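The structure presented is a predicted model; accordingly, all values stated were derived computationally and were not measured.
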Amino acid sequence: MTDTESDLLARIRVHGAVPRHIAIIMDGNGRWARERHMPRPFGHRSGMKAVRAVIEGCLEAGVEWLSLFAFSQENWQRPETEVSALMALLEEYIAREAAELRQQGVQVYVHGDLDRLSAAAASAVERVRRETAGGERLGLNLFISYGGRAELVRAARLLADEVQQGGLTPDAIDEQAFRARLYTAEGPDPDLLIRTSGEQRLSNFLLWQVAYSELYISNVLWPDFDRAALYEAICDFQRRDRRFGRVNT
């Protein structure tokens, strides 16, 4: 850990108000590669070190949940070579990191339309889920082939099926019932949503869950996002006045 990272972490610990759940839209891999006159897959590969840095940073800071937007439903429209490279990176990441994640106490959850994954990628997903089950230090949500609107439609269909089968009445459907059908039902909603590369949009990510999240836009491209950048975002979060619609008196 660098001196800068140590100083920032000390500031975080003094304040004490660490976000329980951080969500990150990992953006800028392609731009990072283009600036270096390299193909886009090179940027995605370089972004793997940022994933490790952020996980380790969350563990050090005491964050309980981390959600990473790895691959959207819209990303299937990218060139086949890029999609294939991303799927291969997913398999490589799991093969390389699963054992260490387990040792660190990280439990991995993978969410999205996973039926679209290749057999090899689906097998890798099942492996990391199985091998990290029971981790108690950090819940890691990986969103792959995911779309926020599709998640909401899925939750509505689950509720409709339960009503149709007689297990639920329409009057029993409230926010709590809806939330229980979302992918992230096991953990709290994100306190902090970080987007890298300077873009200022949600990109169809966790549309229900981020209703009251604090937003932090970082100009750092994802492959360069390190522990210091994460800690700076947490320090900024600690300066926020979170009222949830109330007025402080």
Shortest non-hydrogen contact from Val18 to Phe237? C-CE2, 4.4 Å

Please round to the nearest 0.5 Å and tell me the distance separating atom OG of Ser6 and atom CG of Asp3. 6.0 Å

Between Glu186 and Gln107, does the side chain to side chain contact (heavy atoms under 4.5 Å, CB included) criterion hold? Intermediate values first, please. CA-CA 12 Å; Glu186 294 194 44; Gln107 178 160 350; 5.7 Å; no

Met26 and Val54, any side-chain heavy atoms less than 4.5 Å apart: no

Starting from the C-alpha separation in whole Å, work towards a yes-or-no answer on side chain to side chain contact (heavy atoms under 4.5 Å, CB included) for Met48 and Leu89. CA-CA 9 Å; Met48 292 173 66; Leu89 278 176; 3.3 Å; yes

Would you kindly confirm whether Ile173 and Leu152 end up in one hydrophobic cluster when ILVMFWY residues are joined by side chain heavy atoms under 4.5 Å apart? yes

Between Pro190 and Ser213, the two heavy atoms sitting closest are O-OG, 2.6 Å

Kindly assign one of parallel, tilted or perpendicular to the pair Phe178 and Trp208, based on the angle between their ring planes and the thresholds 30° and 60°. parallel

So that I can tick it off, tell me whether Glu91 and Arg127 are bridged by a salt bridge, with the cut-off set at under 4.0 angstrom between side-chain N and carboxylate O. no

Residue of the set Arg227, Arg137, Lys49 for which salt bridge (Lys or Arg N to Asp or Glu O under 4.0 Å) holds with Glu56: Arg227

Compute the centroid of each ring, for Phe69 and then for Trp222, and state whether the two points are separated by less than 6.0 Å. no

Min side-chain heavy-atom separation Leu206-Leu193 under 4.5 Å: no

Should Thr2 and Asp7 be marked as a side chain to side chain contact (heavy atoms under 4.5 Å, CB included) after you check the CA-CA gap, both sets of side-chain angles, and the distance that decides it? CA-CA 9 Å; Thr2 67; Asp7 290 344; over 6 Å; no

Atom CD in Glu162, atom CD in Gln164: separation rounded to 0.5 Å? 11.5 Å

Please test His21 against Ser67 for side-chain hydrogen bond (donor to acceptor under 3.5 Å, both in side chains), starting from the C-alpha separation and ending with a verdict. CA-CA 8 Å; His21 184 175; Ser67 292; 2.7 Å; yes

Donor-acceptor check, side chain of Arg240 to backbone of Leu215, threshold 3.5 angstrom: yes or no? yes

May I ask you to decide if Arg20's main-chain N or O and Asp191's side chain share a donor-acceptor pair within less than 3.5 Å? yes

Atom pair CD/CD of Glu131 and Glu97 - distance to nearest 0.5 Å: 12.5 Å

Is Ile217 reachable from Tyr231 through a run of I, L, V, M, F, W or Y residues, each pair having side-chain heavy atoms under 4.5 Å apart? no

Nearest heavy-atom pair of Ala180 and Ala185: which atoms, and what distance? O-CB, 3.6 Å

Hphob cluster co-occupancy, Leu86 + Val51, side-chain heavy atoms under 4.5 angstrom: yes

Verify the cluster assignment for Val210 and Leu142: are they in a single hydrophobic cluster under the rule of side-chain heavy atoms below 4.5 Å apart? no

Taking all non-hydrogen atoms of both residues into account, name the closest pair between Ala228 and Leu8 and its distance. O-CD1, 3.5 Å

Within the side chain of Thr196, is there an N or O that forms a donor-acceptor pair under 3.5 Å with the backbone of Ser218? no

Got a donor-acceptor contact below 3.5 angstrom from the Asn75 side chain to the Ser72 backbone? yes

Closest approach of Ala33 and Gly43, non-hydrogen atoms and distance? CB-N, 3.7 Å

Does Glu214 use its side chain to pair, donor to acceptor, with the backbone of Leu192 at less than 3.5 Å? no

Atom of Leu117, atom of Ala122 and distance for their closest heavy-atom approach: CB-N, 4.1 Å

With a 4.5 Å heavy-atom cut-off, do Ile22 and Pro19 have their side chains touching? yes

Donor-acceptor pair, Gln238 side chain versus Ile12 backbone, under 3.5 Å? yes

Given 3.5 Å as the limit, does a donor-acceptor pair link the side chain of Arg181 with the main chain of Ala177, or not? yes

Apply the hydrophobic cluster definition, ILVMFWY joined by side-chain contacts under 4.5 Å directly or through others, and give me every member besides Phe42. Trp32, Met38, Leu221

How far does CG of Leu159 sit from CZ of Arg154, to the nearest 0.5 angstrom? 10.5 Å

Quick one, Arg45 and Glu92 - any side-chain contact, counting heavy atoms below 4.5 Å? yes

Begin with the C-alpha distance, continue with both residues' side-chain angles, and end with the deciding distance and a verdict on salt bridge (charged side-chain N to carboxylate O under 4.0 Å, His left out) for Glu60 and Arg13. CA-CA 10 Å; Glu60 288 285 348; Arg13 288 175 172 166; 3.5 Å; yes

Nearest 0.5 Å please: distance from the CD1 atom of Ile194 over to the CG atom of Leu66. 8.5 Å

Scan for salt bridge (Lys or Arg N to Asp or Glu O under 4.0 Å) pairs involving residues 74-87, sequence neighbours excluded, and state none if there are none. Arg40-Glu82, Arg78-Glu82

Would you mind reporting whether Arg129 and Val110 have side-chain heavy atoms less than 4.5 Å apart? yes

Any chance the side chains of Arg195 and Ser203 put a donor and an acceptor closer than 3.5 Å? yes

Quiz question: by atom type and distance under 3.5 Å, do the side chains of Gln209 and Glu151 form a donor-acceptor pair? yes

Mark yes when over 12 heavy atoms from residues, nucleotides or ligands other than Arg130 sit less than 6.0 Å from its CZ; otherwise mark no. yes

Checking the side chain of Asn141 only, and the main-chain atoms of Tyr109 only, is there a donor and an acceptor separated by less than 3.5 Å? no

Can you label the angle between the Tyr146 ring and the Phe143 ring as parallel, tilted or perpendicular, going by 30° and 60°? perpendicular

Quick one: are Val106 and Leu59 in side-chain contact, heavy atoms under 4.5 Å? yes

Taken to the nearest 0.5 Å, the spacing of Asp224 CG from Asn219 CG works out to 12.0 Å

In the single-linkage hydrophobic clustering (I, L, V, M, F, W, Y; side-chain heavy atoms under 4.5 Å), do Val108 and Tyr183 co-cluster? no

Can you list every pair that meets side chain to side chain donor-acceptor pair (under 3.5 Å) and has a residue in residues 167-180, with sequence neighbours left out? Arg179-Asp189

Looking only at atom types and distance, does a side-chain atom of Thr184 sit under 3.5 Å from a main-chain N or O of Gly187, one as donor and one as acceptor? no

